[in-house]
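Note that these values count all heavy atoms, side chains included, but never hydrogens, waters or copies made by symmetry. In what follows, chains are A, B, ... by sequence order, proteins preceding strands, each numbered from 1.
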Protein chains: 2
Amino acid sequence: MTTLTDIAREAHVSKMTVSRVINHPEQVSADVRELVEKVIDSLGYTPNRAALALTQSRHYVIQFLILEDIETVEPYYAKLLIYLAEELQRLGYSLEIGHNRQVEVNHVDGLIVVGGRQTDIPFLQTLGKPVVTYGSLGPAIPFVDVDNSLGTYMATTYLLEQGIENIYYVGVKLPEYFALARLVGYLGAINKFQTPRHVHQILNNEKQAFQLIRHLDIKPNSAFVAATDRIAMGLLNGLALNKIKVPETVSVIGFDGIFLNQITSQRLTTVQQPLKEIAQALIDSLLVQLEGQPAENRLLRPHLVFGGTTIDHQPNLVPLVET
Amino acid sequence: MTTLTDIAREAHVSKMTVSRVINHPEQVSADVRELVEKVIDSLGYTPNRAALALTQSRHYVIQFLILEDIETVEPYYAKLLIYLAEELQRLGYSLEIGHNRQVEVNHVDGLIVVGGRQTDIPFLQTLGKPVVTYGSLGPAIPFVDVDNSLGTYMATTYLLEQGIENIYYVGVKLPEYFALARLVGYLGAINKFQTPRHVHQILNNEKQAFQLIRHLDIKPNSAFVAATDRIAMGLLNGLALNKIKVPETVSVIGFDGIFLNQITSQRLTTVQQPLKEIAQALIDSLLVQLEGQPAENRLLRPHLVFGGTTIDHQPNLVPLVET
DNA sequence: TCGCATAATGGAAACGCTTACAATGGTTTC
DNA sequence: GAAACCATTGTAAGCGTTTCCATTATGCGA
């Protein structure tokens, strides 16, 4: 590894001058600066992170902390992680993965937390580091989230504008903000259009959604707005079992976009999370906090992506991912 | 942050003694050791990673390097990452995510590489760090992999033992080891049972598999062994379109297990990657290399997981994931 | 009783970098 | 033309830890 000292020796200057060329180039005379820069290029210098961390007590490490159980972990995190890693790399940071609450965070500058519950708030606060959550845990902790209400509002409005009268909402029975927000979006659209409301709340799994269909007396000219793609998939299975045709008889819209890059027999129409924008906003929030300023919460606009579970009177907006 | 010096001051010893209590406790007398340990506990000391890295030039960081394009990234990496993070944390290491070939690895002790091609070998070698790949790139670089041949062998044998005569193999047309190995496993079973062979090679996407079905004259009493779950899903879609019933008329077995935690209308019977064991083996390989010893390659045994695309004469071995 | 080996502890230097301050020399100011 | 200034460069110390060597104390054999 080439160090500042190596460069200094080669350029016949002190290592302070080299350091200045890197950090405060305006303080160095042009000719010396050019000389040092040439030597840096030829020797291929990269600063030693440990030494930097030691003097600046900045580690240039962000941790992505997954608080979910391994079996329930969202597969689209893989994609989010790559967006985060790319952007952080551009900024000179590296991205670290953490799981569970026993993580050691002394060497970390800030945390992006996913899968947390409201009960995790005290834990996150005691870390004493900038934290941003993906999905709100409440006002105590800065967050970035998809605009959940807008998402279900868009989905419901879309269906209503197609002339569908009965929109069933199948929500998640959890005391979390996103569950409430998604319900609110549905109710907002229903109120605006003055149509009957049908709300059902279940746990977020396909089985429960599947079983719900059995107990439902589905009226003609209907559609489902599901709070999650998992629920939507369960509904689809239930509808298939009851020989109810999708989308001819009943439309279904999900939320999240987790099955987007799969061409299953039936692609789900869904409210897609804007993962790239979310990654960017999460990073922005941490950087702002690292500057010592308060971070603003961000609600990002989701996109309605048309699959095969709605009758689309507009063109398929998103091409199939695979070629 | 409490430092060695803080502990030393509080315990009225030099910081060297404290350092020894942590690293070479046998060199410290029992009473001093106990005293220092008590102070460490009460002040809650954790060593400063940067300082450690500076003296030892060991950073206790492992990078998970994803060389795939973001759109083709495997969703099951999320699960693999968590297994890796958990185990590495136990060992005092942290796990970092890298994407693309511009990564800076000076601060990293070793790399776990996924999604690489054979053309990446020179790049990986120039890093000058211990590397292990998930999936073999050839003998030049230590690897851990599922036993691909065994997987397709198990799948094919299982179908043959059910009395199915015509087993179609739909492989991946790529010059990569895994593609060849999976084909070999199929051929091995075919040879052993002296049944007709039907090999087709396509690109690894659902569309191609879907289209393949159209051009195929499928004989009665048949089954498909697909080289990947993606191909299997495409085959299923194609079969559905042609009104061929699965599994009643034709069975299908995939490979990888990427759709395992989804209850789609039809769960795929597949050869599952043993992710937890793979994570462990990847880490073992790096640790061995960090000791300066040569790492042995590992081929791990996959599991046949029964879904709804085979007629199972044995009980469903894996329960549905969601409860 | 003395010398010596051994155990237990401490001090100093080093890892690579930055911050804070000092030194140098040229230029401005009156 | 001397004082003050500024631009440019260098020196020293310190971040938290370890390795290496020095010091002190203890116990043992002769």
B:K15, nearest nucleotide to its side chain (from C:dG16, C:dT9, D:dT18): D:dT18

Side chain of B:L54 - closest among D:dG16, D:dG10, C:dG11: D:dG16

Presence of salt bridge, A:D6 and A:R9, under 4.0 angstrom: yes

Over 12 foreign heavy atoms within 6.0 Å of CZ, A:R49: yes

Which nucleotide in D:dT19, C:dT19, D:dG16 has an atom nearest any side-chain atom of B:M16: D:dT19

Phosphate OP1/OP2 of C:dT18 contacted by A:T55 side-chain N/O (<4.0 Å): no

Value in whole Å for how far the P atom of D:dA7 lies from CG of A:D31: 16 Å

Options D:dG10, D:dT18, C:dC17, nucleotide nearest the side-chain atoms of B:L52: D:dT18

Between C1' of D:dC15 and CZ of A:R49, the distance in whole Å: 18 Å

Rounded distance (Å) that lies between atom P of D:dA7 and atom CZ of A:R33: 14 Å

Pairing of B:E71 and A:K79 as salt bridge, 4.0 angstrom limit: yes

Gap between atoms CD and P, on B:Q56 and D:dC20 respectively (whole Å): 12 Å

Neighbour count above 12 (heavy atom, 6.0 Å) for A:E296 CD: no

A:Y60 vs C:dC17: side-chain N/O to OP1/OP2 distance below 4.0 Å: no

Over 12 non-hydrogen atoms of neighbours within 6.0 angstrom of NZ in B:K276: no

Upstream residue (5' side of DNA chain C) when A:T3 and A:R20 are each assigned their closest nucleotide: A:T3

Protein-nucleotide distance (B:L4, atom CG; C:dG10, atom P), rounded to Å: 13 Å

Selection from D:dT18, C:dC17, D:dT11 that lies nearest to any side-chain heavy atom of A:S14: D:dT11

Listed nucleotide nearest any side-chain atom of B:N48, set D:dT17, C:dG10, C:dC17: D:dT17

Residue-phosphate contact under 4.0 Å: A:N23 side-chain N/O, C:dT18 OP1/OP2: yes

Per A:S29 side chain, nearest of listed nucleotides D:dT9, D:dT18, C:dC17: D:dT9

B:T17 side-chain N/O to C:dT9 phosphate OP1/OP2 under 4.0 Å: no

Rounded interatomic separation in angstrom, taking NE2 from A:H12 and P from D:dT8: 22 Å

Proximal nucleotide (of C:dT19, D:dT17, D:dT18) relative to the B:A51 side chain: D:dT17

Nearest to side-chain heavy atoms of A:V28, which nucleotide of D:dT9, C:dC17, D:dT18: D:dT9

